[in-house]
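Before any comments, here is the structure.
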Amino acid sequence: MREPGLTPSGRAMGWVIAGGASSALLFFFSLYMPVVGMLFGVLAPLPLMTVCLRMKWLSGVIAVIFAGLLIGVAIAPIISLYFFVQFGV
């Protein structure tokens with residue numbers, strides 16, 4: 001059944017935002033938590049993989065770009081480049 005008010009493109013955009021934000025959050029934790037951060041570093045690409053598998057690959061690319069922009073604004077653009085090279089390529 002369709003949810004009222006959500007078009008398929010709106011549902012995809014929700015997945016993109018949620019996947020990008022949760023991946024960025026896990027990446028933040030991997031940077032700022034010394035010992036437990038290694039586990040978060042391993043888990044950081046999982047939301048992006050979920051977006052790529054549930055939606056089309058273009059949604060996954062947009063999620064990676066959104067997460068990179070979020071990290072670039074919150075921390076530093078060079079850290080955003082590190083995220084993109086590590087998880088986006």
TODO: Taking Ser22 for its side chain and Gly19 for its backbone only, find out whether a donor-acceptor pair lies under 3.5 Å.
DONE: yes

Open item on the list: Going by side chain to side chain contact (heavy atoms under 4.5 Å, CB included), Ile71 matches just one of Phe84, Tyr82, Phe66, Phe83. Which one?
Closed with: Phe83

Open item on the list: How long is the straight-line distance from CG of Leu39 back to CE of Met33, given to the nearest 0.5 Å?
Closed with: 10.5 Å

Open item on the list: Show, in sequence, the C-alpha distance, side-chain angles and deciding distance for Ile75 and Phe28, and conclude whether the side-chain contact (heavy atoms from CB on, under 4.5 Å) test is met.
Closed with: CA-CA 9 Å; Ile75 301 177; Phe28 289 148; 3.2 Å; yes

Task: ILVMFWY cluster, Tyr32 and Met38 together (side-chain gap under 4.5 Å) - done: no

Open item on the list: Could you measure the distance from the CG atom of Leu70 to the CG atom of Leu25? Nearest 0.5 Å is fine.
Closed with: 9.0 Å

- [ ] Decide yes or no for Ile78 and Leu81: does some side-chain heavy atom of the first lie under 4.5 Å from some side-chain heavy atom of the second?
- [x] yes

Donor-acceptor pairs are to be reported for all side-chain atoms of residues 40-59 against protein atoms at under 3.5 Å, with residues two or more places apart or in another chain.
from	atom 1	to	atom 2	distance (Å)
Thr50	OG1	Leu46	O	2.9

Open item on the list: So which atom in Gly20 and which in Ala67 form the shortest heavy-atom distance, rounded to 0.1 Å?
Closed with: O-CB, 3.3 Å

Task: Sub-4.5 Å side-chain heavy-atom contact between Ile79 and Phe27 - done: yes

